[in-house]
Amino acid sequence: MTDEELAARYVAARDPADFRELVDRHAPLVLRLVSSILGPFRDTDAEECAQDVFVRVHERLAQFRGDSKFATWLYRVAYSVAVNRAKLARFRMPHVDVDSLHALTSGDDQHRDAVAAERASMLAEAVESLPDLYRTVVYLHYWQEQPVDEIATLLAAPANTIKSYLFRARERIARALAEKGITS
Amino acid sequence: MTVDDLLRTLAAIPRPRLSPFFASRATAHATAAAPPPRRAPRVMWVYWLALAFVSGPLLLTSWIGLAAVIGGAAIVASIR
């Protein structure tokens with residue numbers, strides 16, 4: 001059964017098993033999308049946000065008319081919920097825990113680790129300074145290791161647009177790092 | 001080291017995973033939430049608006065009418 005048929009059946013009969021099937025199908029990608037918007041080291045927030053997405057989807061399911069694919073509509077809702085949550089979270093704390101990034105260094109060579117930690121810190125700042133959409137695409141591609149086609153599906157944008165976002169994001173990051181003395 | 005190489009280091013950051021009972025919990029939360037309020041069709045909204053425009057001035061020019069408006073509003077507020 002397609003997502004659209006399952007959604008229609010759920011709206012008609014309200015069998016929780018149907019809604020649960022939709023959640024099962026799409027939860028992994030929803031989690032990837034919302035965590036890329038919220039940023040790394042926010043695992044609990046990301047899962048809560050994914051849950052909020054499905055609550056919002058449930059509220060609006062009757063309004064889904066089938067103009068687009070169910071998945072496209074779902075990811076649009078997920079993007080909106082996650083961006084709003086990210087904006088609220090930014091008031092409370094910085095986006096990425098830079099100390100956690102430092103902890104990823106190996107620990108064998110102190111000098112190399114210090115350089116790597118410094119670079120990681122500046123990279124985190126540069127990525128965090130990107131506009132929301134560019135940052136999301138960067139995290140989806142480099143952190144979540146999603147191919148461009150998959151990102152295009154998640155963000156309902158053509159693949160060439162995603163490539164363009166990645167290119168512009170890399171340019172901005174390169175400029176930000178160059179200003180801090182890290183050149184490629 | 002290019003920007004691309006630097007960005008690829010992000011892959012070392014652990015990715016979140018869904019907890020085993022996520023689907024059950026999300027479904028339970030979603031289905032437990034109150035259903036959305038029913039909306040009246042647009043024709044009814046036009047009807048109520050027209051009725052309010054006609055009856056409003058009549059009701060508000062008398063004490064009984066005013067009491068009826070306030071009482072009606074209180075009843076609607078208590079139902080919601």
Side-chain angles (χ1 to χ4, degrees), chain A residues 14 16-17 19-25 27-28 30-32 34-35 38 40-47 50-63 96 100-101 104 116 119-120 122-124 126-127 138-139 141-145 166 169-174 177 182-184, chain B residues 1-56 59 68-80:
Chain A
R14 296 278 163 178
F19 190 78
R20 196 210 147 115
E21 172 65 24
L22 287 170
V23 174
D24 269 329
R25 287 183 190 182
V30 165
L31 182 68
R32 254 177 244 165
V34 303
S35 58
L38 295 173
F41 310 113
R42 295 265 190 276
D43 292 14
T44 310
D45 260 354
E47 184 158 315
Q51 190 169 280
D52 287 346
V53 167
F54 287 105
V55 171
R56 180 78 65 88
V57 162
H58 183 269
E59 284 169 6
R60 296 183 179 180
L61 202 50
Q63 298 165 28
V96 171
S100 299
L101 276 176
L104 292 176
R119 244 190 219 144
M122 289 186 183
L123 177 66
V127 172
V138 163
Y139 279 141
H141 188 62
Y142 289 102
W143 174 36
Q144 303 277 2
E145 296 184 300
L166 281 170
R170 281 193 294 262
E171 275 195 328
R172 285 191 184 215
I173 291 169
L177 293 178
I182 297 181
T183 52
S184 56
Chain B
M1 215 180 197
T2 63
V3 169
D4 204 64
D5 294 330
L6 278 172
L7 285 170
R8 288 193 193 287
T9 62
L10 292 174
I13 301 173
R15 282 162 234 161
R17 289 168 183 249
L18 286 171
S19 53
F21 302 110
F22 176 82
S24 307
R25 216 172 45 244
T27 303
H29 272 269
T31 54
R38 278 206 192 152
R39 291 181 174 273
R42 281 196 189 159
V43 170
M44 287 307 295
W45 280 109
V46 171
Y47 168 75
W48 287 115
L49 211 56
L51 193 63
F53 268 115
V54 167
S55 61
L59 285 172
V69 167
I70 293 170
I75 290 168
V76 169
S78 65
I79 289 168
R80 291 237 174 121

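Naming: A, B, ... by sequence-line order, numbering from 1 per chain.
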Taking 4.0 angstrom as the limit, do A:Arg20 and A:Asp24 come out as a salt bridge?
-> yes
Do the charged groups of A:Glu47 and B:Arg25 touch, with an N to O distance under 4.0 Å?
-> yes
Structural part of B:Arg17 lying under 4.5 Å from a heavy atom of chain A = backbone
Honestly, the part of B:Asp4 sitting under 4.5 Å from a heavy atom of chain A is both
Would you kindly say whether A:Ser35 and A:Arg42 are connected by a side-chain donor-acceptor distance under 3.5 Å?
-> no
Looking only at A:Ala126, A:Ala27, A:Ala62, the option with the highest number of non-hydrogen pairs under 4.5 Å against chain B is A:Ala27
Trace of the side-chain hydrogen bond (donor to acceptor under 3.5 Å, both in side chains) decision for A:Tyr142 with A:Arg170 = CA-CA 11 Å; A:Tyr142 289 102; A:Arg170 281 193 294 262; 2.6 Å; yes
Is it true that a side-chain atom of A:Trp143 and a backbone atom of A:Val138 form a donor plus acceptor pair closer than 3.5 Å?
-> no
Interchain contact, A:Ala50 with chain B, by part (heavy-atom threshold 4.5 Å) | both
Chain B contact via A:Val53 - side chain, backbone, both or neither, heavy atoms under 4.5 Å | neither
